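Heads up, the thing below is written out as C-alpha cells.
Remember, predicted model here, so these are calculated numbers, not experimental data. Chain naming here is simple, since letters A, B, ... match the order of the sequence lines and numbering starts at 1 in each.
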There are 2 protein chains.
Amino acid sequence: MNIIISNNSSVPIFEQIENAIKQAIFSNELKEEEMLPSVRNLANDLKISFLTVKRAYDELEKAGFIKSVQGKGTFVAPKNIELIKEEKLKEIQDYIEKIYDISKISNISEKEIKELFKMIFEEDF
Amino acid sequence: MNIIISNNSSVPIFEQIENAIKQAIFSNELKEEEMLPSVRNLANDLKISFLTVKRAYDELEKAGFIKSVQGKGTFVAPKNIELIKEEKLKEIQDYIEKIYDISKISNISEKEIKELFKMIFEEDF
DNA sequence: ATACTGTTATAATATAAATATAACAGTAAG
DNA sequence: CTTACTGTTATATTTATATTATAACAGTAT
C-alpha cells in the first residue's frame, strides 16, 4: 500500500492516513479481511509516531472500515456496501456544503448553480 | 454591517470575519470605497482582540478585497466583483464535476443528490 | 493638541496535533 | 516457556496555530 503524507498540509497526518486507507479499501487495493501494516511498521515507514497511526486506525475502526485484534493485527472489515455508499454520500455532502459556502459568500444564486448541474449532468436537475 | 462570530466553531475567528466581510462586499452591503469599521471598533463590538480583526483585514487586503491606509482607515477596494464571481462559479463547477464522478462510480442517483441539496440549501432545489 | 485611524513588537495563554518513552497484554511459532 | 511479533494504555513533552493583553509607534484630520 502506498501512503504519502505531507507535513505542512493543513490536514492532520492521522486524517491523511485515514483517507489513504479508505481509498485503498474503496479501490479494492486492500481486500476484505486483509491485514493492514502494523501500527509500528507503518509509523516507521512514514517516519512518524506509532501513536499517530494508532489514532488513524482507531477512527477507521470506529467508522467500521477496519477491525483491530490485540496480538494479531488490524484487518479490513468485511465489506459493507451500505457503509461504503454512506461514505460516498458523505463526500458528496461535503462538496455540496462547500458549494453552499461559496454561494453564500459570493452571492451566487441557486438558479445559477442549478444551471451548472444541468450542464454537467446533462439532464433536468 | 452585521457580523456574528462563534467561539467554539472550528473555523478560526479571523476567518469568520473574512467570510462575513467578503459576503458583505459581494452583496453590495459594503460598496466600493466604503470605509470598514476600524480594527478597534470592530474588536470592541465582537468582544475580541483588535489583533484578530487586524489579521482578518490583512488577509482580505492580500486577496485584494480591501485596502488599509494608515491614519485614515480601511476601505473596500475598487474591484471587479463580477470577475471574482466568475472565479467562484468555476470553483463550484469543479465541485459539481467531482460530485458527478463520484455518483457515476458509486451508483448514486440524481434523486439522492437532489435530496442532499435540499437538505443543505433548505429549500426546494 | 486631540482623537481618531492603522502598525508593530513582545509576551502570554489555550488548544490540538504529534511526539517520545515506557510498560502492559494478547497471539503464534519455535 | 521463550521469543517476536501484534495492539493498548498512560504520562509527559513538544510543536504549531489561534488568540489575547499590553504598550508603543505612526499617519490623518479637525
Side-chain angles (χ1 to χ4, degrees), chain A residues 1 3-22 25 30 32-78, chain B residues 1 3-22 25 30 32-78:
Chain A
M1 192 181 32
I3 295 181
I4 296 171
I5 58 172
S6 165
N7 280 323
N8 49 353
S9 165
S10 68
V11 182
I13 294 174
F14 76 89
E15 213 173 309
Q16 294 180 46
I17 295 172
E18 270 189 75
N19 292 335
I21 291 176
K22 272 187 204 170
I25 292 175
L30 281 173
E32 284 185 39
E33 312 287 3
E34 187 174 340
M35 188 175 172
L36 275 71
S38 78
V39 285
R40 286 183 182 80
N41 275 349
L42 184 52
N44 283 338
D45 288 352
L46 300 179
K47 298 180 196 328
I48 58 176
S49 164
F50 80 88
L51 290 167
T52 306
V53 177
K54 178 76 163 64
R55 174 155 183 195
Y57 281 13
D58 281 348
E59 309 230 4
L60 285 167
E61 181 164 15
K62 217 186 317 176
F65 289 100
I66 64 178
K67 180 72 192 157
S68 288
V69 183
Q70 195 172 7
K72 298 179 93 169
T74 304
F75 306 87
V76 177
Chain B
M1 193 176 34
I3 295 181
I4 296 171
I5 59 171
S6 164
N7 280 323
N8 50 352
S9 165
S10 67
V11 181
I13 295 173
F14 76 88
E15 213 173 309
Q16 295 181 45
I17 296 172
E18 270 188 76
N19 291 337
I21 291 177
K22 273 188 204 170
I25 292 175
L30 280 173
E32 281 188 33
E33 313 287 3
E34 187 173 340
M35 188 174 171
L36 276 70
S38 78
V39 285
R40 286 184 182 81
N41 274 350
L42 184 52
N44 284 338
D45 287 354
L46 300 179
K47 298 182 196 326
I48 59 176
S49 163
F50 78 88
L51 289 168
T52 306
V53 177
K54 177 74 164 62
R55 174 153 183 199
Y57 281 14
D58 281 349
E59 308 230 4
L60 285 167
E61 181 164 14
K62 219 187 313 177
F65 286 99
I66 63 177
K67 181 70 192 159
S68 286
V69 183
Q70 196 172 5
K72 297 179 93 169
T74 303
F75 306 87
V76 178

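In terms of phosphate contacts, B:R40 brings no side-chain nitrogen or oxygen within less than 4.0 Å of OP1 or OP2 of C:dC4. Between A:K72 and the phosphate of C:dG26, there is no side-chain N or O to OP1/OP2 separation shorter than 4.0 Å. Phosphate contact (OP1/OP2 of C:dA18, side-chain N/O of A:S49, threshold under 4.0 Å): absent.
Rounded to a whole Å, the CD atom of B:E61 is 7 Å from the P atom of C:dT7. For the pair B:L46 CG and D:dT20 C1', the computed distance is 15 Å after rounding to whole Å. The nearest whole Å value for the distance from the CG atom in B:L60 to the P atom in C:dG6 is 13 Å. Between the P atom of C:dG6 and the CZ atom of B:F75 lies a distance of 8 Å, rounded to the nearest Å. Spacing between atom CD of B:Q70 and atom P of C:dG6 amounts to 10 Å, rounded to whole angstrom units. Atom-to-atom, CZ of A:F50 to C1' of D:dG7 comes out at 9 Å; the value is rounded to the nearest Å. B:D58 has its CG atom 11 Å from the P atom of C:dG6, to the nearest Å. Note: CZ (B:R55) to C1' (D:dT17) measures 8 Å, nearest angstrom.
Nearest nucleotide to the A:S38 side chain, out of D:dA18, D:dG7, C:dG6: D:dG7. Taking every side-chain heavy atom of A:F14 into account, C:dA17 is the closest of C:dA17, C:dG6, D:dT19. Of all nucleotides listed (D:dA29, C:dT7, D:dT8), C:dT7 comes nearest to the side chain of B:S68. For B:T52, counting side-chain heavy atoms from C-beta on, the closest listed nucleotide (D:dT19, D:dT22, C:dG6) is D:dT19. Here D:dT8 is the nucleotide among D:dT8, D:dT19, D:dA26 with the atom lying nearest to any side-chain atom of A:K54.
Within 6.0 Å of NZ on A:K22 lie more than 12 heavy atoms contributed by other residues, nucleotides or ligands.
Between B:L51 and B:V69, the one whose closest nucleotide on DNA chain D sits nearer the 5' end is B:L51. Place B:T74 and A:G71 on DNA chain C by their nearest nucleotides, and B:T74 ends up nearer the 5' end.
Across all strands, B:N41 comes closer than 4.0 Å only to sugar-phosphate atoms, never to a base (heavy-atom distances).
For the atom pair A:I21 CD1 and A:I3 CD1, the distance stands at 4.5 Å (nearest 0.5 Å). One distance of note links CD1 of B:I5 with CG of B:N19; it measures 12.5 Å at 0.5 Å rounding.
Classification of B:K54 and B:D58 as a salt-bridged pair holds, one side-chain N sitting under 4.0 Å from a carboxylate O.
Taking 4.5 Å as the limit, some side-chain heavy atom of A:N7 sits within range of a side-chain heavy atom of A:I13.
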